[in-house]
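Heads up: the structure comes next, in structure tokens.
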Amino acid sequence: MTSTAPETQRGQDAGDPLGEQPTSWQRRLRRFGHVPRPETSLRDRLDPPWTRPGRQVWSVLAISPHVADRLVRWSAWGGPLLVTLVAGLLRFWRLDQPNAVIFDETYYAKDAWALVNQGYEGSWPKDVDKLILKDPSSVPIPTDPGYVVHPPVGKWIIGFGEQLFGFTPFGWRFMVAVLGTISVLLLCRIGRRLFRSTFLGCLAGLLLAVDGLHFVMSRTALLDLIVMFFVLAAFGCLVVDRDRSRRRLADALPVDEEGVLRPDARIAETLRLGWRPWRLGAGVMLGLAFATKWNGLYVLAAFGLMTVLWDVGTRRTAGAARPYMAVLRRDLTPAFLSTVPVAIVTYIVSWTGWIVTDKGYYRNWAATEGKGSSWSWLPDWLRSLWHYETQVYDFHVGLTSGHTYESNPWSWLVLGRPVSYFYEEQTVCKESSTGKCAAEVLAIGTPLLWWLACFALAYVVWRWLFRRDWRAGAIACGVAAGWVPWFFYQERTIFLFYAVVFVPFLCLAVTMLLGAIVGPAAGTGARADLGLTSKDPTGERRRTLGAIAAGVLVLLIIWNFIYFWPLYTGTSIPEDLWRDRMWLDTWV
């Protein structure tokens, strides 16, 4: 398979589609690497073609063109499914180990069990975890309501796995592992659509499959991986919606006598893009993310702005003289209605168990303490839910008690302070020079992947600012939506594993960087910044060296994941080998 480097699709949304001369600020930015948009047809800018493997690949493998075409069609799904299979085997291998209630599983596993059995969370007695592990059937579900500080969707999902496989570690981790595996498939397909390359899409999915933080979170019954899944699904829905709306607009534009698509200001400014079910799907997914943990609300705001700006770029490319005004008139209201109200309704529906059982915490607040309020004309359940939400918000912003593994978001990208979910020491260990062995589950990303992602993010921001690449902007938006909000709560107790929400976008950033290192595929045109064409022997040598460099980086990341495997799975290893893996003092 050959790859498509990001250089082949610059600035599809920016610039005058009629090809006017660059402005003065664009000329000044050339010193930082800004280049004019390459000469491509209007249709290709609105609906970019997919990359196909070069014929030389098939000739070397002695594969006929007919068979090659079938393999290309198969690879669109076959490649992502193969990567997903590998990810699933890794995540489900010994999923019940360690046979313990690790870290915050002590909250979510029990709340999920109560939720799926009685519709609301109960107030569990202390020190009940050992009894659950020994004989879960002997532990009754408490009927007294429990005070919980996160919405119910994530716990409903965890509880579904418990219904299938019992109130056991495998049961409460099962559905999280399923979503973690499916998220790899989603990223493969999203990356393929984003880069117009099956190879790069599968590469992005492979990087996610071997990221340590995503791997550990996929094997632990916590809520953050579930938030990540819905955020990624929403992003994929919006990318599909963008492609379809641009294709619809391209089909409506006029074609001249030579069969060339031409921009048309009137069509670009007045055409209604019609029913957009994928955007509606994104609203549902963002509502489910918000209904799992509240940080999904920030993603809703960021993605809502992003999709509106995509509409601006679409109409500008099609020839609109005033694209912002056109979007304001034609697209803004439908975009709002298909995301924000849909997300809010989804959030409220997620509380159905709490509403209909009439026994949840604060469920009857409106009829007791809240009686006589000026808002008494609203349904009691709605006023009680609002009161509950205000109390939860006060809890979250006031959570400032120290924790051994808390970390500042500034340190997340360099993995400054990971979180130990489980640690067990064996004092009789003949394999160790110290006589001890250690088994740990450490929530930490694959170090080489994350450290490379620091450079990849710098490249993505540069591409977005100076190459006007919409894909780079989308990736940066995904990272910012999951990361930046935590900087406003630095006094709060926060942890590195919150970063799992934007891990897929880090993988996309690294994939974009690796694609640039490899270079453009044969026949995709010139590298304007290097002055190389695909027919230039110098360009072919450069591409070969780039492919070798990118391949070495990927192999190092895979090796790094394998090296840290014992720390991701709780595998017992000699203490000296465990210390060898503590690369930074802050990891201990």
Can the ring centres of Tyr107 and Trp124 be said to be less than 6.0 Å apart? no
Option among Ile475, Leu187, Val479 that satisfies the side chain to side chain contact (heavy atoms under 4.5 Å, CB included) test with Pro504: Leu187
Are the aromatic rings of Trp483 and Phe505 close, with centres under 6.0 Å apart? no
Could you tell me whether the side chain of Arg193 and the main chain of Gly201 form a donor-acceptor pair under 3.5 Å? no
Main chain of Val414, side chain of Trp451: is a donor-acceptor contact present, judged purely on distance under 3.5 Å? yes
Going by side chain to side chain contact (heavy atoms under 4.5 Å, CB included), Cys202 matches just one of Thr198, Leu200, Leu206. Which one? Thr198
For the cysteine pair Cys437 and Cys429, state whether the SG atoms are less than 2.5 angstrom apart. yes
Test your reading of the model: is there a side-chain donor-acceptor pair from Asp224 to the backbone of Val500, 3.5 Å cut-off? no
Please state whether the rings of Phe561 and Trp565 are parallel, tilted or perpendicular, taking 30° and 60° as the class boundaries. perpendicular
Please assess Arg173 against Asp96 for the test salt bridge (Lys or Arg N to Asp or Glu O under 4.0 Å), listing each intermediate value before the final yes or no. CA-CA 8 Å; Arg173 294 169 190 163; Asp96 59 338; over 6 Å; no
Answer yes or no: is there a donor N or O on one side and an acceptor on the other, between the side chain of Tyr120 and the main chain of Thr143, under 3.5 Å? yes
Pick one: which of Leu213, Leu584, Leu496 meets side chain to side chain contact (heavy atoms under 4.5 Å, CB included) with Pro418? Leu496
For Tyr563 together with Trp559, are the ring centres under 6.0 Å from each other? yes
Do we get Arg581 above Phe564's six-membered ring, with its NZ or CZ under 6.0 Å from the centre and within 45° of the axis? no
Whether the Thr106 and Asp129 side chains hold a donor-acceptor pair (N or O, under 3.5 Å, no angle test) is what I'd like checked. yes
Testing Ile226, Leu223, Val501, Val153 for side chain to side chain contact (heavy atoms under 4.5 Å, CB included) with Lys293, which one passes? Leu223
Do the side-chain N and O atoms of Trp294 and Tyr347 include a donor-acceptor pair separated by under 3.5 angstrom? yes
Give the ring-plane orientation class for Phe487 versus Trp410, where under 30° counts as parallel, over 60° as perpendicular and anything between as tilted. perpendicular
When you measure from the side chain of Arg189 to the backbone of Ala76, do you find a donor-acceptor pair of N or O atoms at a distance under 3.5 Å? yes
